[in-house]
There are 2 protein chains.
Amino acid sequence: MALDRCYSCPLGVAAGVAEHRACPFVPREREAGAHLYVEGDTADRVWYIVSGYVALSRETSEARSSGVTWAVRRPGEMLGTEGLVSDTYRDSAVALNAATLCVAPREVVDAWLGPEDSPARAVLQLALRTRCNEVPRRSCADGNATRRVASWLLDEAPSQNAPQIPRQVVAGLLGMLPETFSRALARLVKLGAIEIDRRTIRVVDLDALLRAAGEGEGEGEGEP
Amino acid sequence: MALDRCYSCPLGVAAGVAEHRACPFVPREREAGAHLYVEGDTADRVWYIVSGYVALSRETSEARSSGVTWAVRRPGEMLGTEGLVSDTYRDSAVALNAATLCVAPREVVDAWLGPEDSPARAVLQLALRTRCNEVPRRSCADGNATRRVASWLLDEAPSQNAPQIPRQVVAGLLGMLPETFSRALARLVKLGAIEIDRRTIRVVDLDALLRAAGEGEGEGEGEP
DNA sequence: CGCCCTGTTGACAAAGGTCAACTAGCGTGG
DNA sequence: CCACGCTAGTTGACCTTTGTCAACAGGGCG
């Protein structure tokens, strides 16, 4: 089972292939364009990229380019690790080239990683959770400023209490300048979706906000 | 040493505070606006956020807003974990609020995490490395399209072999549309920095490329 | 009380998104 | 084997969006 490359693969080493133990990950070939998994799928497998490139995209709702790639994973990186902290995949993954990937079922990896409360595992869990909650920084290609602000507000709405992040900072996260952010908020106020004062934002009409965030989207899958 | 909250903190649990063992992380208060670390500093400490928000920014060169926040870390997340896979911090971290952070020296954490070749540790290492190489998705607030493309080419130049990523995908990473990407490449060709055909890009004048990427930056710190 | 910093608003110009037409390469199917 | 048609990429013209610069307002802190 152990191939030459396994001896120099960090996972192979950790699995102990040198001591003739088996690595839970088994190699598999995928052709260019293959969908490895889709955002929202049950996260039941974890990958390690041996060769090839994989694009990650997220239906960050939005625009014409629904499904813009926001990251590329390369050989030596893992894929689908969100399965270790979440039930579903956060992104869609597509092979950009013909690729060799080592795959393992989630629960096997889970067992292989050892006790849940070991330090390494605890830190791993935290790191994965952080990554998985991370929203790719928005750019103008994901719809106009008002829409980006609206959908950001929807994400943050649950944690209504969260705010007190300076507007300058929020603007940065949304990939726009403070001035633009301010104007976008003003527009949402005019639409009756929110109320603001200099330092707080209150959602007053969720529907209006949803409309502003969705403006001419919702297509996505269904039609012929 | 163990506070109440340590019993429900994943790190405290992993450290075994319930069994009266000590957690390597010790709490510390920081006021709003405090710089926890600066991009490029020697990464000698690791943090866990108990309360408060922390903004991460990166001198992605660029524009007026040099040092745009590209992510916010919240309570329950870790900070400075790049120290476990790199010598220097990748971002600058600033407390947005008065915050309580648990800190531990890098080498202590390193030892605490256990053997380098355990599965959990191997996966952790991979996850951290991936995150740390990750370039925040670019947005128009980080300089114009041509500059972003130029600086992307500079990042990718070492891995010259890397390409064969479809242009559509690269455009997405750079936060622009394929058309804009195409035009930006054309501009760089006109500047003599690169040569392109429909599917390859060759850097022919690194200086020109540097100039295009840097165009009117370099200010950053120095002036009164 | 006054200064400074953050956020707001306005006017303007440029950058880039949109739509559309066109080309090159590649794979498919006749 | 060639032709056809598709997809990815390029280029052009136009117009919205947003970055830019500047002036101003509110709040907090000294």
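The figures that follow rest on heavy atoms only: side chains count, while hydrogens, waters and symmetry mates do not. We name chains A, B, ... by the order of the sequence lines, and we start the count at 1 in each one.
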### Task
Mind running side-chain hydrogen bond (donor to acceptor under 3.5 Å, both in side chains) on A:S139 and B:R137 for me, showing each step along the way?
CA-CA 8 Å; A:S139 83; B:R137 175 139 169 271; 3.3 Å; yes
### Task
Please determine, for the side chain of A:P166, which listed nucleotide (D:dG9, C:dG10, C:dG7) has the closest atom?
C:dG7
### Query
Could you state the CG-C1' distance from A:D142 to D:dT17, rounded to the nearest angstrom?
14 Å
### Message
Rounding to an integer number of Å, can you tell me how far A:L177 CG sits from D:dC21 P?
### Response
11 Å
### Task
Determine to 10° how strongly the helix from C:dC1-D:dG30 to C:dG30-D:dC1 is bent, judged from the axes of its five-pair ends.
40°
### Short side-chain N/O contact from A:R167 to OP1 or OP2 of C:dT8, under 4.0 Å
yes
### Task
Starting at atom CG of A:N144, determine the distance to atom C1' of D:dG19, rounded to an integer number of angstrom.
15 Å
#### Entry: 5'-most by nearest nucleotide on DNA chain C - A:C140 or A:F181
A:F181
### Query
Please give, in whole Å, the distance from C:dT6 P to B:L96 CG?
12 Å
### Message
Does D:dT18 have OP1 or OP2 under 4.0 Å away from a side-chain N or O of A:R148?
### Response
yes
#### Entry: Value in whole Å for how far the P atom of C:dG7 lies from CG of A:D197
12 Å
### Query
How far apart are the C-alpha atoms of A:C23 and A:C9, what are their side-chain angles, what is the distance that settles it, and do they pass the disulfide bond (SG atoms under 2.5 Å apart) test?
CA-CA 10 Å; A:C23 178; A:C9 163; over 6 Å; no
### Task
Please determine, for the side chain of A:R183, which listed nucleotide (C:dA11, C:dG17, D:dT18) has the closest atom?
C:dA11
### Query
Going from CG on B:D44 to OG1 on B:T88, what distance comes out if it is rounded to the nearest 0.5 angstrom?
11.0 Å
### Interatomic distance, B:Q168 CD vs D:dT7 P [rounded to whole Å]
12 Å
### Task
Given side-chain hydrogen bond (donor to acceptor under 3.5 Å, both in side chains), test A:T146 with A:R183 step by step and report yes or no.
CA-CA 8 Å; A:T146 310; A:R183 279 185 249 273; over 6 Å; no
### Query
A:T180 or B:L185: which one's nearest nucleotide on DNA chain D is closer to the 5' end?
B:L185
#### Entry: Partner set under side chain to side chain donor-acceptor pair (under 3.5 Å) for B:D197, not counting sequence neighbours
B:T200
### Task
Indicate, with a heavy-atom threshold strictly under 4.0 Å, whether B:R198 touches base, sugar-phosphate, or nothing.
base
### Query
Taking the six-membered ring for Trp, are B:W47 and B:Y37 ring centroids under 6.0 Å apart?
yes
### Interatomic distance where CD1 belongs to A:I165 and P belongs to C:dT6 [whole Å]
16 Å
#### Entry: Nearest listed nucleotide, side chain of B:A145, among C:dG16, C:dC19, C:dT8
C:dG16
### Query
What residues form a side-chain contact (heavy atoms from CB on, under 4.5 Å) with A:R5, not counting sequence neighbours?
A:L3, A:P27, A:V50, A:T100
### Message
Taking 4.0 Å as the cut-off, does a side-chain nitrogen or oxygen of B:S182 come that near to OP1 or OP2 on D:dG9?
### Response
no
### Nucleotide of C:dT18, C:dG7, D:dT20 approaching B:E179 most closely (side-chain heavy atoms)
C:dT18
### Message
Distance check needed: D:dG27 P versus A:I196 CD1, whole Å only.
### Response
13 Å
### Message
Let's go through B:R131 and A:T130 carefully: what are the C-alpha distance in whole Å and the side-chain angles of both, what is the deciding distance for side-chain hydrogen bond (donor to acceptor under 3.5 Å, both in side chains) to 0.1 Å, and is it a yes or a no?
### Response
CA-CA 10 Å; B:R131 179 151 54 159; A:T130 295; 4.7 Å; no
